[in-house]
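I have placed the structure first, in the form of structure tokens, so that the comments after it can refer back to it.
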Amino acid sequence: MQRTFIGDLRSHIGEKVQIHGFLQTLRDQKKMQFLIVRDQTGLVQVAFWKANDAALAEQISTLGAESVVTITGAVVDNPVVKLGGLEVQLESLQVESTAGSPLPLDPFAETIPSIDYRLDWRYLDMRRPQVAAIFQVQTTAEQAFREYWLQHNFIEVHSPKLMGSPSESGAELFEVQYFETKAYLAQSPQFYKQMAMAAGFERIFEIGPVFRADPSFTSRHMTEFTGIDMEISYIESHEDVMVFLENMLAHVYSRVKEVHGEKIKEMFGVDLVVPTTPFPRIPMTRALEILKEEGYQLPAEKKGDIDPGGERTLYNWVKKTYNHDFFYLTDWPIAVRPFYHMRYADRPEVTKSFDLIANGTEIVTGAQREHRYDILAKQAVEKGLSLETIQFYLDFFRYGCPPHGGFGMGLSRLLMMMLNLPNIREAVFLFRGPNRLNP
RNA sequence: GGGGGCGUGGUGUAGCGGCUAACAUGCGGCCCUGUCAAGGCCGAGACCGCGGGUUCGAAUCCCGUCGCUCCCGCCA
């Protein structure tokens, strides 16, 4: 018999159907049993008159909450039933899998355990529809990104995550045994994205894993996360990248709101706002002035960088000045940016780079890249890098490479900001951190 | 790596120098009822993270340790 989704039962009144799902609640009475069954589309009440089959009634009585059942029965319109005004009158029941009792984590308890305990029992935690909703939103968001890229002639790439030599600084790399030698887990697809530019791909994107060996204990860091990266050729400056990004994000927010707006309001209390473009842009020098005006004291050792508290202060300023949730912090000093960021011809101390701050948290870093071999090599040396280890990368720029730029964004950080989640661990399927490798 | 906070039945909390450790929820049993966040009664379940100290007396105070968490650093 064909399966009917619980969410579609209304259109099957009077028919015999088969449903599958978890037994969320059993109300076991003297003459009747009411089973609340849940599948991915919703909940339904199943009614059973015990007198119909005493043995079956007895079997049902022993079922622990969250057991998996297949039920056939007639769908009956019944306004008395508070759950959707209909019920399935049970004809047969098959237990697919019994759930032990008590559950270590009851997904439908009034109080939700701490995040760490929830991660121990993540598959039970994820049975809550609010959790599933996060990943439905993520799915739509990723689809919207792809839609936008494909509309703009992008090529999707998948760069390797095992690397033979440390790229960039090397401090935050995971080292792994690789046969007789050592390999490193990619902490960014940066070099390979640029290689695609040298290959003449012109516009590429990648959604893939990124590894950072940073022992960071915060609500927004992970040691493995999904990076959304893109790179485009023939730009004049980082401004072109920012324009592309803001329009793409507006598209993504618009699609997510269209598909999940109601659910997001209901489950997360967030009235999703599709951001208007262009986003406010604040050059670093101006940002420092604003912080001064706002009375925010930057730590003395910061030297032109801005700490998270400063970013939040700027966000509040942007919110009250422009009523916008996003802003670009642009033109960062070379001291706090990697060697491959291009510098202004007339201001060699300043990079053509930006961060995107959403609701006070950094979610994107981007820049125009330096594509001129000699200058790139010079900047690398200046930053104390060994040319030898990055020679393969420098070679990309020896036989013709278009001017280009791009960005990297944290998927979970975006989701966290979008749904106003308190912790990135909520926004990722399975969290990986310095102290968390399981499940 | 530095700093703050928290560790009490399965879970979430209360208690913060005299506790035979309380409440909610869950779990088990019984009763009642077309139930529906069901209701009622009974019951099991915690040597209060661990180790040491102060005290007549410690879940409560102190020190150490471990775990978790948040902030900073770093970043997406």
Side-chain angles (χ1 to χ4, degrees), chain A residues 24-36 43-50 61-62 64-66 76 78-87 89 99-121 124-125 168-169 171-172 187-190 207-229 298-299 301-302 305-312 336-338 355-358 361-366 407-417 422-425 427-428 433-436:
Chain A
Q24 186 164 319
T25 306
L26 170 65
R27 286 193 268 275
D28 200 348
Q29 302 187 40
K30 191 161 201 170
K31 295 176 187 161
M32 295 192 69
Q33 286 167 326
F34 295 98
L35 301 83
I36 307 304
L43 293 168
V44 69
Q45 171 168 295
V46 176
F48 181 56
W49 281 265
K50 290 169 130 179
S61 291
T62 66
E66 295 296 304
V76 175
N78 186 348
V80 173
V81 179
K82 293 182 181 171
L83 187 59
L86 59 77
E87 68 184 6
Q89 296 184 339
S101 175
L103 296 163
L105 185 157
D106 177 0
F108 301 96
E110 287 176 19
T111 52
I112 301 168
S114 68
I115 186 71
D116 194 54
Y117 186 81
R118 286 169 53 204
L119 295 186
D120 284 339
W121 297 97
L124 293 176
D125 182 47
E168 310 195 36
S169 70
E172 54 194 22
Q187 89 287 41
S188 150
Q190 185 58 37
I207 298 178
V210 177
F211 303 90
R212 301 278 166 91
D214 280 321
S216 293
F217 300 92
T218 76
S219 57
R220 62 184 189 281
H221 284 86
M222 303 190 273
T223 49
E224 175 179 353
F225 63 92
T226 301
I228 298 179
D229 276 87
L298 271 173
E301 74 277 12
K302 276 296 180 185
D305 197 358
I306 287 184
D307 65 341
E311 287 176 350
R312 287 191 289 272
V336 295
R337 292 269 133 161
D355 273 13
L356 176 62
I357 316 294
T361 295
E362 210 174 306
I363 66 166
V364 175
T365 295
F407 67 79
M409 168 163 41
L411 175 59
S412 299
R413 281 207 179 168
L414 174 69
L415 220 57
M416 188 181 166
M417 292 304 117
N423 194 309
I424 202 159
R425 282 159 242 193
V428 68
N435 297 326
R436 172 65 71 172

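We name chains A, B, ... by the order of the sequence lines, and we start the count at 1 in each one. These figures come from a predicted structure and were not determined experimentally.
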Quick one: is [X] getting a side-chain N or O under 4.0 Å of the [N] phosphate, OP1 or OP2?
{"X": "Arg312(A)", "N": "C71(B)", "value": "no"}
{"X": "Asn423(A)", "N": "U69(B)", "value": "no"}
{"X": "Ser114(A)", "N": "G12(B)", "value": "yes"}
{"X": "Arg27(A)", "N": "U33(B)", "value": "no"}
{"X": "Ser219(A)", "N": "C71(B)", "value": "yes"}

Of residues 102-111 of chain A, the positions that come close to RNA chain B - non-hydrogen atoms, cut-off under 4.0 Å: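 Under 4.0 Å from RNA chain B: Pro102(A), Pro104(A), Glu110(A), Thr111(A).
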
Given [options], the nucleotide with the shortest approach to the side chain of [X]:
{"X": "Arg413(A)", "options": "C32(B), C75(B), U35(B)", "result": "C75(B)"}
{"X": "Pro308(A)", "options": "C75(B), U35(B), G28(B)", "result": "C75(B)"}
{"X": "Ile115(A)", "options": "A37(B), U69(B), C74(B)", "result": "U69(B)"}
{"X": "Asp116(A)", "options": "G28(B), C68(B), G34(B)", "result": "C68(B)"}

Touch class at under 4.0 angstrom, heavy-atom based, for [X] against every strand present:
{"X": "Gly227(A)", "result": "nothing"}
{"X": "Gln33(A)", "result": "nothing"}
{"X": "Asn435(A)", "result": "sugar-phosphate"}
{"X": "Trp49(A)", "result": "base"}
{"X": "Val210(A)", "result": "nothing"}
{"X": "Arg425(A)", "result": "sugar-phosphate"}
{"X": "Val80(A)", "result": "base"}

Hunt down the Watson-Crick or G-U wobble partner of [N], both distances under 3.5 Å, from any strand shown, or write none.
{"N": "U60(B)", "value": "none"}
{"N": "G43(B)", "value": "C27(B)"}
{"N": "C68(B)", "value": "G5(B)"}

Pair of N/O donor and acceptor under 3.5 Å linking C74(B) base with Ser216(A) side chain: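 Present.
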
Is it the case that C70(B) (base atoms only) and Arg220(A) (side chain only) share a donor and an acceptor within less than 3.5 Å, ignoring hydrogens and angles?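 There is none.
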
Could you tell me whether Asp305(A) and Arg337(A) make a salt bridge, using a distance below 4.0 angstrom between a side-chain N and a carboxylate O?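 Looking at Asp305(A) and Arg337(A), the cut-off is not met.
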
Inspect the contact between Lys50(A) and Asp28(A) and indicate whether a charged nitrogen and a carboxylate oxygen are less than 4.0 angstrom apart.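 Here Asp28(A) pairs with Lys50(A) in a salt bridge, since their nearest N and O are under 4.0 Å apart.
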
Return the value, rounded to whole Å, for the distance between atom [atom1] of [X] and atom [atom2] of [N].
{"X": "Gln29(A)", "N": "G40(B)", "atom1": "CD", "atom2": "C1'", "result": "14 Å"}
{"X": "Gln187(A)", "N": "C74(B)", "atom1": "CD", "atom2": "C1'", "result": "13 Å"}
{"X": "Arg212(A)", "N": "C75(B)", "atom1": "CZ", "atom2": "C1'", "result": "6 Å"}
{"X": "Phe34(A)", "N": "C36(B)", "atom1": "CZ", "atom2": "P", "result": "9 Å"}
{"X": "Tyr117(A)", "N": "G67(B)", "atom1": "OH", "atom2": "P", "result": "20 Å"}
{"X": "His221(A)", "N": "G1(B)", "atom1": "NE2", "atom2": "C1'", "result": "14 Å"}
{"X": "Asp120(A)", "N": "G67(B)", "atom1": "CG", "atom2": "P", "result": "14 Å"}
{"X": "Leu415(A)", "N": "A76(B)", "atom1": "CG", "atom2": "P", "result": "18 Å"}

Using centres under 5.5 Å plus planes under 30 degrees as the test, is Phe225(A) stacked with A76(B)?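 Given the distance and angle limits, yes, they stack.
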
